[in-house]
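For reference, the structure is listed below as C-alpha cells.
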Amino acid sequence: VDKSLVQADTTKTTVRYRLLETIRQYAAEELLRHGESEVNTARAAHAQVFLTMAETAEPQLTGPDQGQWMARLDVERDNLRNALVYLNASSVDTAEALRLGGALYQFWLSRGHYAEGIELLQTALGRPEAAEPTTLRAAALEALGFLFLNRGDTSAALTYYEEGLAIARPLEDVVRTAYLLAGIRFGRYKQGDYAAAAALADEVFL
C-alpha cells in the first residue's frame, strides 16, 4: 500500500483490492522461494477466507438479496475455485472441501457453471477421507445430483441422490432426507416413471 503496489477498485458499496498482474506474479515467485510450508500457510489462509464467504452467502442465494450476493460471488469466482482446488489437493480436513462445495452449488447452478461444480464436487467426494457416511457427504451428494439433474443427466443425478439418501436416512437427518427424496421423485418423473414419482411425492409431503 505504501509503495502504491496495491490497486483499489471502488464501487458505491465496496472497495476491492488487487495487485497488478506483474506484481502478483513476482509476489508469488517470492512466496515460492520461502518454501512449501509458507505457500501452504498462505493458501490455507486464503481458503478459509473464501470458505467463510461462501457459507455466509449460501443462505442468501435464494432470498431477497440473491442478486447482491450472486454478484459478489461472480467477482470472487476465481478465488472460490482456487480455494476449493487447494482444499481438494491438500492434506487438511476433507470436511472443509465438502463444506465449500456444498455452499457453492446454488451459485454454480444459477450461473450455469455445471462443469466446474461437478468436477470440483466429484473430486472432493472421491477423496478416500471423504468416504465416511456423514451429513456433509450427504449434502455434497445432493448438490452434485442437483447439478447433474439441471444439466440434463437424470441417470447420474439419481445415482448421487440415492447414495445421499442411503446416508441421510440412517443418520435421521429428516431435512436432508426430504430434499433427497424430492430430487429422486423429480428424476423418476423426468424418466417417465410416474407411479414411482407419485409414491415418492407421498413420502416427501406426508
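All of these numbers come straight from a predicted model, not from anything done at the bench.
For residues 97-137, every residue pair satisfying the ring-ring contact (aromatic ring centres under 6.0 Å, His included) rule, not counting sequence neighbours, is listed here: Tyr105-Phe146, Phe107-His113. Residue pairs meeting the ring-ring contact (aromatic ring centres under 6.0 Å, His included) criterion with at least one member in residues 57-82, sequence neighbours excluded, do not occur.
Between the Asp9 side chain and the Arg18 main chain, no donor and acceptor come within less than 3.5 Å of each other. Here the side chain of Asp65 pairs no donor or acceptor atom with the backbone of Gln68 at under 3.5 angstrom.
Residues Glu116 and Leu120 are in side-chain contact: their nearest non-hydrogen atoms beyond the backbone lie under 4.5 Å apart.
The minimum heavy-atom distance linking Ser155 with Gln191 is given by the pair OG-NE2, 3.8 Å. The nearest pair of heavy atoms linking Gly101 to Leu84 is CA-CD2, 4.1 Å. The shortest heavy-atom contact between Thr154 and Gly187 is CG2-O, 3.4 Å. Taking every heavy atom of both residues into account, Ala157 and Gly145 meet most closely at CB-O, 3.3 Å. Among all heavy-atom pairs drawn from Pro170 and Ile167, the shortest one is CD-O, 3.3 Å. Across Leu19 and Ile23, no two heavy atoms sit closer than the pair CD2-CG2, 4.2 Å.
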- Task: With side-chain contact (heavy atoms from CB on, under 4.5 Å) as the test, would you mind laying out the steps for Arg169 and Leu165 before giving the verdict?
- Result: CA-CA 6 Å; Arg169 267 186 165 149; Leu165 183 62; 3.7 Å; yes
- Assess whether side-chain contact (heavy atoms from CB on, under 4.5 Å) is satisfied between Met53 and Glu76, documenting all intermediate values. CA-CA 10 Å; Met53 176 185 288; Glu76 303 295 354; 3.8 Å; yes
- Item | Candidate pair Phe148 and Thr159, rule side-chain contact (heavy atoms from CB on, under 4.5 Å), full reasoning | CA-CA 10 Å; Phe148 269 112; Thr159 297; over 6 Å; no
- Yes or no on side-chain contact (heavy atoms from CB on, under 4.5 Å) for Gln122 and Leu144, after CA distance, side-chain angles and deciding distance? CA-CA 8 Å; Gln122 284 181 324; Leu144 190 52; 3.7 Å; yes
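For the side chain to side chain contact (heavy atoms under 4.5 Å, CB included) test, residues two or more places apart in sequence or in another chain that qualify with Arg43 are Val39, Tyr86. Residues passing the side chain to side chain contact (heavy atoms under 4.5 Å, CB included) test with Tyr194, sequence neighbours excluded: Tyr189. Thr14 meets the side-chain hydrogen bond (donor to acceptor under 3.5 Å, both in side chains) test with Thr11; sequence neighbours excluded. In this structure Glu38 satisfies the side-chain hydrogen bond (donor to acceptor under 3.5 Å, both in side chains) test with no other residue, sequence neighbours excluded. Partners of Arg188 according to the salt bridge (Lys or Arg N to Asp or Glu O under 4.0 Å) rule, which considers only residues two or more places apart in sequence or in another chain, are Glu162. By the side-chain hydrogen bond (donor to acceptor under 3.5 Å, both in side chains) test, Arg137 pairs with Glu163, sequence neighbours left out. Qualifying side chain to side chain contact (heavy atoms under 4.5 Å, CB included) partners for Glu21, counting only residues two or more places apart in sequence or in other chains: Arg24, Gln25. Every residue two or more places apart in sequence or in another chain that forms a side-chain hydrogen bond (donor to acceptor under 3.5 Å, both in side chains) with Glu55 is listed here: Arg99.
Within 6.0 Å of the CZ atom in Arg151, the count of heavy atoms belonging to other residues, nucleotides or ligands exceeds 12. At most 12 heavy atoms of other shown residues, nucleotides or ligands fall within 6.0 angstrom of atom CD in Glu36.
Between Leu104 atom CG and Arg77 atom CZ the span is 11.0 Å, to the nearest 0.5 Å. The CE atom of Met70 sits 4.5 Å away from atom CG of Leu61, with the distance rounded to the nearest 0.5 Å. A distance of 9.0 Å separates OG1 in Thr177 from CD in Glu203, rounded to the nearest 0.5 Å. The CG atom of Leu180 lies 11.5 Å from the CG atom of Leu200; values are rounded to the nearest 0.5 Å. We find the CG-OH distance between Leu5 and Tyr26 to be 10.0 Å, quoted to the nearest 0.5 Å. Considering CG of Leu109 and OG1 of Thr62, their distance stands at 11.5 Å, rounded to 0.5 Å.
Under the 4.0 Å criterion applied to side-chain N and carboxylate O atoms, Arg81 and Asp78 are assigned as salt-bridge partners.
Both Leu125 and Leu171 are members of a single hydrophobic cluster when ILVMFWY side chains are connected at heavy-atom separations under 4.5 Å. When hydrophobic clusters are built by joining Ile, Leu, Val, Met, Phe, Trp and Tyr residues whose side-chain heavy atoms come closer than 4.5 Å, directly or via intermediates, Leu181 is not grouped with Val174.
A donor atom on one side chain and an acceptor atom on the other are not found under 3.5 Å apart for His46 and Asn82. At a cut-off of 3.5 Å, with distance as the only test, a side-chain donor of Gln48 or Glu96 sits close to an acceptor on the other residue.
Taking Ile, Leu, Val, Met, Phe, Trp and Tyr as members and joining any whose side-chain heavy atoms lie under 4.5 Å apart, directly or through other members, Val75 forms no hydrophobic cluster with any other residue. Hydrophobic cluster membership for Tyr179: Val175 (Ile, Leu, Val, Met, Phe, Trp, Tyr linked by side-chain heavy atoms under 4.5 Å, directly or transitively).
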